[in-house]
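We use all heavy atoms of the structure for the numbers below, so side chains are in, but hydrogens, waters and symmetry mates are not. Lettering follows sequence order; numbering is per chain, from 1.
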Amino acid sequence: MPTSTATNPTTATAAAHPTLRIYNTLTKKKSPFETVLPGKVGIYLCGPTVYAEAHIGHMVGPVIFDCIKRYLTYNAYEVNWVVNITDVDDKLIQKANERGMTMLEVAEENIADYKQNLAALGVDQIDHFPRATECMGEIIRLVESLVEQGFAYASEGDVYFDVGKDREYGKLSNRTVEAMQGEGGGMVERKKSAADFALWKSAKPDEPSWESPWGNGRPGWHIECSAMAKKILGETFDIHGGGLDLVFPHHENEIAQSECCHAKPMVKYWAHNGLLRKDAAAGKIGGRGDAASAAGDSVTEDSGKMSRSAGAGGLGDLIAAQGGERIRFFLLRTHYRSTVLFSEPAIEEAAIGLETFYRFFKRYERVTGSSFYELDAPATREGGEMEPGAADLLAQVAQLRKKFLTVMDDDFNTGGAIGELFELVRTLNKYCDDAQLEVTGEMPGQLSEKVEPFVRGVQALKELSSTLGIFQQAPAEAGGGELLGQVMQLVIDLRAEARATKNFATADAVRDGLAPTGIVLEDRAGGTEWTGGDENALDVVIKMLIDLRQTAREGKDFATSDAVRDRLQAIGVTLEDRAGGTEWSIMG
RNA sequence: GGCGCCGUGGCCAAGUGGCUAAGGCAUCGGAUUGCAAAUCCGACAUCGGCGGUUCGAAUCCGCCCGGCGCCUCCA
């Protein structure tokens, strides 16, 4: 029997981090973060069983652990993060048979999909992707060792873990062997006890299999994680993560296998992320307000737990529609241990807040002439320390930075941290306003004096948001194509001319005419910018120009009406006046 | 039946013993703008209910009501 892990670690540990605390599922409380080895952190996150494409639920763990690694690295730890791929299992075999492919082919396909989705969400911190089929030697040796030590027994070509031999069995999920009423998932006749679980399964004819001391077979579900974690991170490592639904039986069994085999604690901190719940009408949950609205639409989509069996899917479509950063930002707004009600409208609402940051980045660019994304920022907590007593602005920034770090130190509270980021942007925006950073005609020298602290403040924003893995690169422009950009430039020029002559009726007509497309004009000191625009924008904008031209013609303002046609012509749009009205076409 | 989680303003969501209960969305005022947009300022909750512990509780304990998860594959 191994010694107790939770209360009496037998491994030497490094000094605890002075402020960082982390919640441990095993002890059910937050504790100061201390590593097995000084300055180093080993993280193992349970990845997917690749029998199908990933769904959004599979991204929660990777996103939060990506932040955890970034934050630990920022705190000067050297982090080694492993995400396993389980590529041998009943469902993979079944899927391969259905599709007339090999198990390996099915796995490859879904691994590619998984990695693509990770990349889209900005998850790029993973160091190792071990695959079960590549660790068969380690798996077999682990099973052998458990048999030799009497914790497991062979039975008709299978090998089972003898739960009765592990006095600590159930400590992670807080269960007792006696209390478990399940019938153990079949194969009862081969087991000593229904609670025993398979370490090794004998192969049926035509199944993929590996040679072993017990005959040809393949690993049971849990053993591969114990083996891969040991192989890459050692017998005791720092953080083991996964979805809350893996606590039992998967992690309970992992801990049993590893600790019985090694007679030492498997991990220091078990960190489980909350699960996503699907809800077609999120935002209305518990809402008494508009419950009665939209009557007649009695089709209630099923809400509830999201899983493959529940038909979750379409992650690729979701990412294409929303963009990776929106989804990441949405997930990070909530604490990782909470359940998140997931829906597209909810993402879209969060995305409105994201725009505040993007607008600020544009403002930064207007002020400094350089891109926020190119800005150098401190990469470590120590390096980002700010001088006390610096300029007024920087004192505020330092304060917010401190609050950000305090909440992140408290079990990686990304939701609280994002709140501080909003405050930081507000502070920086206010400084821009007050210091009139965008007003032209300022003395160059004087201006740079004011810009300097501003840039330092923006660096802090970059520094902190980098630990969350957001704002790393400019989001893909929605853009309505090149032509729309050219047409809009024309619109803006025409309107500017109208405004210059105080022809506000025309200027406003332009603004109003754009409204239906979602295009908004923003008049600034340096000129007019436009944002937005839906898929019909080009057509609507050109029709608006046609109307404008018609109005000018009726007013005998042929200079304007000709200008509209000539300039459109210049960018390749031809107008033809017909009896029924004017039509437009693009020159070939 | 066993184990566990959650219930904070119209919505989302931090906070889990002590300054005026973060922040986002929405809404309403104001500054700014030719009008807008953006930005800034301000307004907007006593924390599901009841009882208890405490000098002091959203935060601890008990009961109740209402959601949900795991105990079978699942991130």
Student: Any donor-acceptor pair under 3.5 Å joining the side chain of A:Asp523 to the base of B:C35?
Tutor: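 Side chain to base: pair found, below 3.5 Å.
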Student: Taking only the side-chain nitrogens and oxygens of A:Thr427, find out if one of them lies under 4.0 Å from OP1 or OP2 of B:C40.
Tutor: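 Answer no for this pair, as no side-chain N or O of A:Thr427 is under 4.0 Å from OP1 or OP2.
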Student: If you measure from the C1' atom in B:A22 to the same atom in B:G4, how many Å do you get, rounded?
Tutor: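 Those two atoms are separated by 28 Å.
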Student: Under 4.0 Å from OP1 or OP2 of B:G2: is there any side-chain N or O of A:Arg175 that close?
Tutor: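 For B:G2, OP1/OP2 do not have a side-chain N/O of A:Arg175 under 4.0 Å.
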Student: A:Lys29 NZ to B:G4 P: how many Å, rounded?
Tutor: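 Taking atom P of B:G4 as the reference, NZ of A:Lys29 is at 16 Å.
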Student: Would you say A:Asp196's side chain and A:Val163's backbone share a donor-acceptor pair under 3.5 angstrom?
Tutor: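 Pair found, side chain donor or acceptor close to backbone of A:Val163.
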Student: Distance check, P atoms only: B:G30 and B:A21, in whole angstrom units.
Tutor: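 So the two P atoms sit 27 Å from each other.
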Student: OP1 or OP2 of B:C41 versus the side-chain N and O atoms of A:Arg426: is any pair under 4.0 Å?
Tutor: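 Yes, because at least one side-chain N or O of A:Arg426 sits under 4.0 Å from OP1 or OP2 of B:C41.
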Student: Between B:C5 atom P and A:Lys28 atom NZ, what is the distance in whole Å?
Tutor: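 In whole Å, B:C5 P lies 8 Å from A:Lys28 NZ.
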Student: Can a donor-acceptor pair under 3.5 Å be found between the side-chain atoms of A:Arg359 and the base atoms of B:A38?
Tutor: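 No such pair is found, so the answer is no.
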Student: Is the shortest distance from a Lys or Arg side-chain nitrogen in A:Asp434 or A:Lys450 to a carboxylate oxygen in the other one below 4.0 Å?
Tutor: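 No, this pair does not count.
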Student: Tell me: NZ of A:Lys191 to C1' of B:U72, nearest whole Å?
Tutor: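 One finds 11 Å between C1' of B:U72 and NZ of A:Lys191, rounded.
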Student: May I ask you to verify whether the side chain of A:Arg495 and the base of B:G34 hold a donor-acceptor pair under 3.5 Å?
Tutor: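 Checked by distance alone, the answer is yes.
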Student: For A:Leu276 and B:C5, what is the distance between atoms CG and P respectively, to the nearest whole Å?
Tutor: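 Rounded to whole Å, this separation is 20 Å.
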Student: Quick test of your reading of the model: are A:Arg99 and A:Glu109 salt-bridged, counting only N-O distances below 4.0 Å?
Tutor: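 Salt bridge flag = yes for A:Glu109 with A:Arg99.
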Student: So does A:Asp410 reach the base of B:G15 with its side chain, donor to acceptor, closer than 3.5 Å?
Tutor: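 Side chain to base: no pair present.
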Student: Is the ring of A:Phe422 stacked on the base of B:G23, with centres less than 5.5 Å apart and planes under 30° off?
Tutor: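 Here A:Phe422 fails the 5.5 Å or the 30° condition.
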Student: What dot-bracket string describes RNA chain B from 5' to 3', counting Watson-Crick and G-U wobble pairs whose defining distances are under 3.5 Å, with [ ] for crossing pairs and | for pairs to another strand?
Tutor: ((((((((.[[[..)..(....]]].(((((.......)))))....[[[[[..)....]]]]])))))))....
Student: I'd like to know if A:Arg277 reaches the base of B:G69 with its side chain such that a donor and an acceptor end up less than 3.5 angstrom apart.
Tutor: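 In this structure, the two groups form no donor-acceptor pair.
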Student: Is the shortest side-chain N/O distance from A:Asn413 to OP1 or OP2 of B:G15 below 4.0 Å?
Tutor: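 For A:Asn413, the contact criterion (side-chain N or O under 4.0 Å from OP1 or OP2 of B:G15) is met.
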Student: Measure the distance from CD on A:Glu497 to P on B:G34 and round it to the nearest whole Å.
Tutor: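 Interatomic distance, CD of A:Glu497 to P of B:G34: 19 Å.
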Student: Please state how far atom CG in A:Asp245 lies from atom P in B:G69, giving the value in whole angstrom units.
Tutor: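 My rounded result for the distance is 12 Å.
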Student: Taking atom types as they are modelled, would you say the side chain of A:Lys91 forms a donor-acceptor pair with the base of B:C73 within the 3.5 Å cutoff?
Tutor: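 Side chain to base: pair present.
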Student: Please tell me if A:Asn273 has a side-chain N or O lying less than 4.0 Å from either OP1 or OP2 of B:A75.
Tutor: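 Answer is no, no contact under 4.0 Å.
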Student: Assess whether one donor atom and one acceptor atom, taken from the side chain of A:Glu349 and the base of B:G24, lie less than 3.5 Å apart.
Tutor: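 Under the 3.5 Å cut-off, the side chain and the base do form a donor-acceptor pair.
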